[in-house]
Amino acid sequence: MSRADDTAPPLVVERAIALEAAHAGLPTADLIDLVAHRLFPGKIAVVSSFGAESAVLLDLVAEVDASIPVLFVDTDRLFGETLRHRDRLVERLGLTDVRTIGPERSEVIAEDRDGMLFHRDADRCCDLRKVRPLARAITDFDAWISGRKRFQAATRTAIPVFEADGPRLKVNPLAPWSPQALANRIAARDLPAHPLVAEGYPSIGCMPCTTRVAPGEDARAGRWRGRDKVECGIHLGLAADTLETGNRTDG
C-alpha cells in the first residue's frame, strides 16, 4: 500500500483495489476514456508539470478528449523553458482547459519573503508552492490523473494504476510504460521535447532544486540533490489537513 493510502478512507482504498483488479490492464487510451467518461465524468483532472515526459500523457489525453481539465502548478520557481514548453504543447495538442495555479501571495509573503525557503527547508517550500495550491484546486474533482512511471525511480517501482489518494482516486495510466514505449510514442506522434532534456535533465522541477543527471543515475537523481528528499509531496496524499495545517514536512 502506498503512503498516499495512509490518508485515505477505507472505502476509497477498497475502490482503488477493485478498479486495479478490473481495469489496470486496459490499453492506455481506453483507460483514460474509461475514467474520464464513465467512472468520473466531469469530475476528473490531469495534473501535469509539463516536464520532461509530460507530452506523452497529454497527447493521449488530448486524443481521448482535449477538454479534460489539466492542472498546472506554477511555483514561481520554474525554468523559463518549462513555461514555454507548456505553451507549445497546449497549442500543438489543442488542449482547451489548462488551468495554471500557484501559491497564495499572502502565504508567500508570510513564509518565504526572501525567496530562500527552498534552501532553508525544501519540504516547506514544496508545501507552500506546490502541495497547497494543488490541494486547493483538486477539491473540485473526485479523481486525478498523474504521469508517474515505475521506471522513474526506486521509490516508484510498485505504483499501481489506480491508487487511493486521500478522499479521492488517483490514476497512473503510464505506470507500466517503459522508456522505450515513451520514446516510440514520441517518435510516432512527433511530439516536441522539453528543451532541457537534451541538456541532461531527464526530470525537471523547480530551477533551484533541479540539477543535471549523470549516466546510470535514476532519472530523478537530479531532484533535490544532496537532500533526504525524493518527492515534492503531491503524491503523498492530498488530504483535507494539507490545507488546515499548512506545514507538511513529509516532502
Side-chain angles (χ1 to χ4, degrees), residues 2-4 28 46-60 72-86 88-89 116-127 129-131 134 145-161 163 170 172-189 191-237 248-251:
S2 71
R3 287 186 60 188
T28 308
V46 180
V47 175
S48 178
S49 66
F50 285 84
E53 298 162 350
S54 296
V56 170
L57 176 60
L58 293 169
D59 180 50
L60 285 159
F72 169 69
V73 183
D74 184 351
T75 63
D76 292 329
R77 292 290 183 272
L78 299 178
F79 290 91
E81 289 89 341
T82 296
L83 301 177
R84 291 187 286 275
H85 184 56
R86 173 201 58 189
R88 283 194 297 271
L89 279 178
M116 294 298 292
L117 183 60
F118 73 90
H119 180 70
R120 294 190 296 272
D121 191 331
D123 286 339
R124 288 184 62 86
C125 188
C126 286
D127 178 64
R129 296 182 175 276
K130 194 167 186 181
V131 179
L134 181 57
I145 297 171
S146 97
R148 293 185 304 162
K149 277 78 67 178
R150 292 172 188 148
F151 73 78
Q152 288 175 316
T155 55
R156 295 187 172 187
T157 56
I159 58 173
V161 172
E163 184 176 8
K170 179 163 60 183
N172 306 303
L174 299 187
W177 280 49
S178 66
Q180 188 60 55
L182 287 174
N184 291 346
R185 175 79 184 192
I186 290 169
R189 302 283 289 179
L191 297 174
H194 192 298
L196 291 181
V197 171
E199 297 184 27
Y201 295 85
S203 180
I204 302 159
C206 292
M207 184 165 49
C209 298
T210 306
T211 63
R212 289 180 172 85
V213 171
E217 289 187 302
D218 277 352
R220 290 175 60 82
R223 305 287 292 275
W224 308 286
R225 189 179 292 280
R227 301 174 186 265
D228 184 20
K229 180 176 175 64
V230 295
E231 296 280 357
C232 65
I234 67 170
H235 294 297
L236 301 181
R248 289 170 62 100
T249 57
D250 57 1

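For the single chain, residues carry numbers from 1 onward in sequence order. Here the structure is a predicted model, which means the values were calculated and not measured.
Of all heavy-atom pairs spanning F151 and W177, the tightest one is CD2-O, 3.2 Å. Taking each heavy atom of S49 and T82 in turn, the nearest pair found is O-CG2, 3.7 Å. For the residue pair V213 and G222, the shortest heavy atom distance occurs at CG2-N, 3.4 Å. The two atoms that bring P195 and E81 nearest to each other are CG-CB, 3.6 Å, heavy atoms only. In terms of heavy-atom proximity, S203 sits nearest to T210 at O-CG2, 3.5 Å. Of all non-hydrogen atoms in R212 and R225, the two that sit nearest each other are O-NH2, 2.9 Å.
The shortest distance between side-chain heavy atoms of I145 and P173 falls below 4.5 Å. In this structure, K149 and R156 have side chains that are not in contact, with every pair of non-hydrogen atoms separated by 4.5 Å or more. Residues P176 and R150 are in side-chain contact: their nearest non-hydrogen atoms beyond the backbone lie under 4.5 Å apart.
Atom CZ of R120 sits about 9.0 Å away from atom SG of C125, to the nearest 0.5 Å. In this structure, OG1 in T211 is found 11.5 Å from CD1 in I204, a value given to the nearest 0.5 Å. In this structure, SG in C126 is found 9.0 Å from CG in L117, a value given to the nearest 0.5 Å. A distance of 11.0 Å separates CE of M207 from CG of D76, quoted to the nearest 0.5 Å. The line from CG of L174 to CG of L60 is 6.5 Å long, rounded to the nearest 0.5 Å. Taking CG of D123 as the start and CH2 of W224 as the end, the distance is 9.0 Å to the nearest 0.5 Å.
When atom types are taken as modelled, the side chain of E217 and the backbone of A214 share a donor-acceptor pair closer than 3.5 angstrom. Formation of a donor-acceptor pair under 3.5 Å by the N172 side chain with backbone atoms of P160 is found in this model.
Taking the six-membered ring where the residue is Trp, H194 and H85 present tilted rings, their angle falling between 30° and 60°.
Taking the side chain to side chain contact (heavy atoms under 4.5 Å, CB included) definition, one finds that T75 meets it with V73, R77, L78, R129, K130, C206, sequence neighbours left out. Contacts of F118 classified as ring-ring contact (aromatic ring centres under 6.0 Å, His included), with partners at least two apart in sequence or in another chain: none.
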(message) Would L83 and F72 count as a side chain to side chain contact (heavy atoms under 4.5 Å, CB included) here? Give the steps.
(response) CA-CA 10 Å; L83 301 177; F72 169 69; 3.9 Å; yes
(request) Could you check S48 against L58 for side chain to side chain contact (heavy atoms under 4.5 Å, CB included), going step by step and ending with a plain yes or no? (result) CA-CA 8 Å; S48 178; L58 293 169; 3.6 Å; yes
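Sorted by first then second residue, the salt bridge (Lys or Arg N to Asp or Glu O under 4.0 Å) pairs that include residues 201-210, not counting sequence neighbours, number zero.
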